[in-house]
Amino acid sequence: MSSEFVDWSLAERVATTMAGPTPEPIGSERPFGPQAVAGAFEAALPRVAAYTGLVPETPIPVGESIDRAAWARAGITNLRDLSAELEKKINAGLSLPGPLNGVVRAVAGRAAGAEAGAAVGLMARRVLGQFDISLGESQRMPRLFLVETNLEATHRELGGHAAVFLEWIVLHETTHALQFGGVPWLRDHIASTLRELIESSSNGIDGARLGALARRLVTSDPRETVRKLLRGEAARMLAGPEQAALLDRLQAVMAVIEGYAEHTMDRAAPGREADLAELRARLDERRQSRAGLGVAIARLLGLEMKMQQYRLGKAFCDGVVEKAGLDCLNLVWSSAEAMPTADELESPAAWIERVGTLARA
């Protein structure tokens, strides 16, 4: 029997449908097309490397311009990788008598697949770009891409020169590529924390309890299972509050990763300060002005935490650089122990004091 619980084939079909058709580019020039994007990434790499001092130990992927459907397929692949261990736990515990077992598994799996596909499809209509790296067991090669249609729509909303906007977004994603390419322990640290989260969440839960939990989840409302998975609440579903420390650690790391990229995209283009400051103000206003359905969707997908990561992470990185300089901030990449705690994210001075003690030890 397959260890998978979700109908991932259905999830991909729903995701690509929800992502919507890719409109034909307007005009002969494509400011966010393959040629422009590849050139922008090529130009951004030395700038980001010079500012951050991060040196990749492996080649950085060539930047790609893709459509929404391609991002949706990549998103489903990511979600499938990240969900693998949780699926095994739930699927192993789900056992009902006779033919009912197969029926419940099939119905629940399709419902979960449809929900996951809809969530990823909606994300595909908004996300601008991504450094795509596997955090599961998959050994697929990393990718670096931007979503052309979404860049066009966001640029129309924010205004300004297309080339400057592209340069700015590319600086952010290139920073992510250098973070994972230049910090050897980072990917494994995040992946191992995710594994620990799933494994420790089921410690002490016997088969009967796990089976009862799985049946309650999938026979009442399987869509809620996927919602909680997408919001990062899997551990809290399967265990008690003792998992909070692991979640806090993971979220703090992600806040630093995002905040560092936000900081760098504002600093790594000398001579563009005025243009980028204006873009930053417009983007921050756009993020804050989401309301109604947009907020509801963001909460469903876990994007509210993403926005919080941007805000907390950038404020932390800006604060450390202002107080102690970039060399001090780069100590976050020295080891997992040097990463800020959830409390330190809101107190850069406390983190500076602690890592200074670590550095002198």
Side-chain angles (χ1 to χ4, degrees), residues 44-61 82 130-136 142 144 171-197 200 232 244-270 305-306 308-361:
L45 182 57
R47 291 180 178 179
V48 174
Y51 179 75
T52 63
L54 293 173
V55 179
E57 297 189 359
T58 55
I60 299 300
L82 290 172
Q130 183 176 339
F131 176 66
D132 180 33
I133 186 170
S134 172
L135 295 173
L144 188 57
L171 289 171
H172 182 108
E173 300 304 335
T174 300
T175 302
H176 286 327
L178 281 175
Q179 287 167 338
F180 284 93
V183 183
W185 56 266
L186 185 59
R187 185 266 177 200
D188 289 342
H189 174 65
I190 296 173
S192 64
T193 303
L194 284 167
R195 285 196 301 272
E196 186 179 356
L197 196 56
S200 66
L246 278 172
L247 286 169
D248 286 346
R249 185 199 311 169
L250 182 62
Q251 289 170 354
V253 171
M254 297 309 299
V256 170
I257 289 171
E258 292 295 350
Y260 191 95
E262 290 279 287
H263 170 85
T264 300
M265 70 193 286
D266 288 349
R267 306 290 183 94
M305 176 55 67
K306 184 83 166 180
Q308 185 180 11
Q309 287 168 354
Y310 284 142
R311 290 189 293 269
L312 279 178
K314 186 175 189 301
F316 170 82
C317 292
D318 289 346
V320 171
V321 172
E322 181 180 345
K323 293 176 183 297
L326 182 62
D327 287 344
C328 180
L329 176 60
N330 277 341
L331 291 174
V332 296
W333 310 124
S334 61
S335 68
E337 291 72 24
M339 279 282 169
T341 64
D343 290 338
E344 288 171 340
L345 276 176
E346 301 189 52
S347 179
W351 177 82
I352 291 171
E353 182 177 354
R354 181 173 69 83
V355 296
T357 302
L358 284 176
R360 291 189 295 270

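Each of V183, V55, V48 was compared with L178 under the side-chain contact (heavy atoms from CB on, under 4.5 Å) criterion, and only V48 meets it. Evaluated for a side-chain contact (heavy atoms from CB on, under 4.5 Å) with R267, the options D318, L171, T52 yield exactly one hit, D318.
Taking OG1 of T175 as the start and CG of L45 as the end, the distance is 10.0 Å to the nearest 0.5 Å. For the atom pair CD of Q179 and CZ of R187, the computed distance is 15.5 Å after rounding to the nearest 0.5 Å. Once rounded to the nearest 0.5 Å, the distance linking CH2 of W351 with CG of D343 reads 15.5 Å. Here the CE atom belonging to M254 is positioned 13.5 Å from the CG atom belonging to L312, to the nearest 0.5 angstrom. H172 NE2 to D266 CG: the interatomic distance, rounded to the nearest 0.5 Å, is 10.5 Å. Considering SG of C328 and CD of E322, their distance stands at 13.0 Å, rounded to 0.5 Å.
Taking both residues in full, the closest heavy atoms of V332 and M339 are given as O-CE, 3.6 Å, listed atom of the first, atom of the second, then distance. Residues A252 and A342 share a closest heavy-atom pair of CB-N, 4.2 Å. Shown here for Y260 and L326, the closest heavy-atom pair between the two residues is OH-CD1, 4.3 Å. In terms of heavy-atom proximity, P340 sits nearest to L345 at CG-CD2, 3.9 Å.
For the residue pair Q130 and H176, no side-chain donor N or O sits within less than 3.5 Å of a side-chain acceptor on the partner.
Residues E173 and M265 fail the side-chain proximity criterion, which asks for heavy atoms closer than 4.5 Å. Side-chain contact between E262 and C317 is absent, with no heavy atoms from C-beta onward closer than 4.5 Å. Within the 4.5 Å cutoff, no side-chain heavy atoms of D132 are placed close to those of L144. F180 has its side chain out of reach of P142: every pair of non-hydrogen atoms, C-beta onward, lies at least 4.5 Å apart. At a threshold of 4.5 Å between non-hydrogen side-chain atoms, the residues L186 and I257 count as touching. Under the 4.5 Å side-chain criterion, counting only non-hydrogen atoms from C-beta, F131 is in contact with P61.
A donor-acceptor pair under 3.5 Å is formed between the side chain of S334 and the backbone N or O of L331. Remark: the backbone N or O of T341 is paired with a side-chain donor or acceptor of E344 at under 3.5 angstrom.
Aromatic ring centres of Y51 and H263 lie closer together than 6.0 Å.
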